[in-house]
Amino acid sequence: MIYIFTKNRPMSTPVLALGRSVFGDPANKGNLPPLEDAHALLAEWVPNERLRLHMKQVAAVMKAWALEREGADELTARKWELAGLLHDADWEKYPEAHCRIIIEKLEEMNVDPDVIHTIASHGPKHFGVEPETKMDKMIYVFDELSGFIHAAALIRPTRYEGMDVKSILKKLKTASFAAQVSRDDINDALSRIDTPLEEIIQFVIDHQKDVV
Ligand SMILES: [Fe+2]
């Protein structure tokens with residue numbers, strides 16, 4: 001069976017709205033934990049290798065987008081990377097309180113509020129927090145697509161090698177393929193940015209193919 005991690009959850013799991021829209025303390029702007037600490041948190045909270053891979057892939061794509069497309073400096077790119085790396089950190093251990101727990105943890109750690117807001121808004125329909133910044137919008141765009149493209153790679157004998165955008169577009173139109181990936185969320189996320197889907201798919205393929 002293909003395992004894909006998406007923010008869609010079994011019917012029995014209640015949807016948790018966070019009930020607030022302000023996160024972290026503005027005094028902590030620029031305060032980012034070392035990447036080693038973020039990886040240590042994942043090692044502790046996320047035994048599932050596939051879920052860890054999902055977060056590492058989203059982190060790689062986020063960082064690359066910040067550097068290549070937003071002209072970000074190193075500190076800003078690290079914010080994008082950390083948001084990707086930690087956005088689902090509480091999913092496995094605290095599925096019923098997904099998003100709330102990691103947010104509280106990052107607030108306790110005095111992490112930059114921009115990173116916390118991005119994590120809080122990565123599923124607006126679930127958590128009730130609207131993406132505002134470009135970093136917020138891009139994690140929403142990449143989250144589902146990254147998992148979807150990885151699912152497509154897993155069923156190809158050559159994985160990412162030779163994968164083309166057209167085949168991904170076709171699979172997105174095939175409702176039965178990776179049915180748990182919400183096409184509505186993908187479309188909603190894309191409607192908030194100016195980059196076409198084809199370009200986003202190619203970017204994801206290019207930047208997550210070598211992540212292990
Ligand atoms: Fe995710």
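Values below: every heavy atom of this structure, side chains too, minus hydrogens, waters and symmetry copies. Atoms within each ligand, like the ligands themselves, are counted from 1 in listed order. Here the structure is a predicted model, which means the values were calculated and not measured.
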> Parallel, tilted or perpendicular: which fits the ring planes of Phe203 and Phe142, with parallel below 30° and perpendicular above 60°?
Replying inline: parallel
>> Applying side-chain hydrogen bond (donor to acceptor under 3.5 Å, both in side chains) as the test, list every pair that has at least one member in residues 165-174; sequence neighbours left out.
In response: Asp164-Ser167
> What pairs meet the side-chain hydrogen bond (donor to acceptor under 3.5 Å, both in side chains) rule with one or both residues in residues 29-41, with sequence neighbours excluded?
Replying inline: Lys29-Asp114
> Is the Fe ion (ligand 1) less than 2.8 Å from at least one N/O/S atom of Glu144?
Replying inline: no
> Is the distance from the Fe ion (ligand 1) to the nearest N/O/S atom of His122 under 2.8 Å?
Replying inline: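 No, since none of the N, O or S atoms of His122 sits under 2.8 Å from the Fe ion (ligand 1).
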>> Taking the six-membered ring for Trp, are His54 and His87 closer than 6.0 Å centroid to centroid?
In response: yes
>> One thing to verify: whether Arg20 and Glu107 come together as a salt bridge, which I'm taking to mean a side-chain N less than 4.0 angstrom from a carboxylate O.
In response: yes
Looking at [X], pick out the N, O or S atom nearest to the Fe ion (ligand 1) and give its name.
X	result
Asp143	OD1
His87	NE2
Asp88	OD2

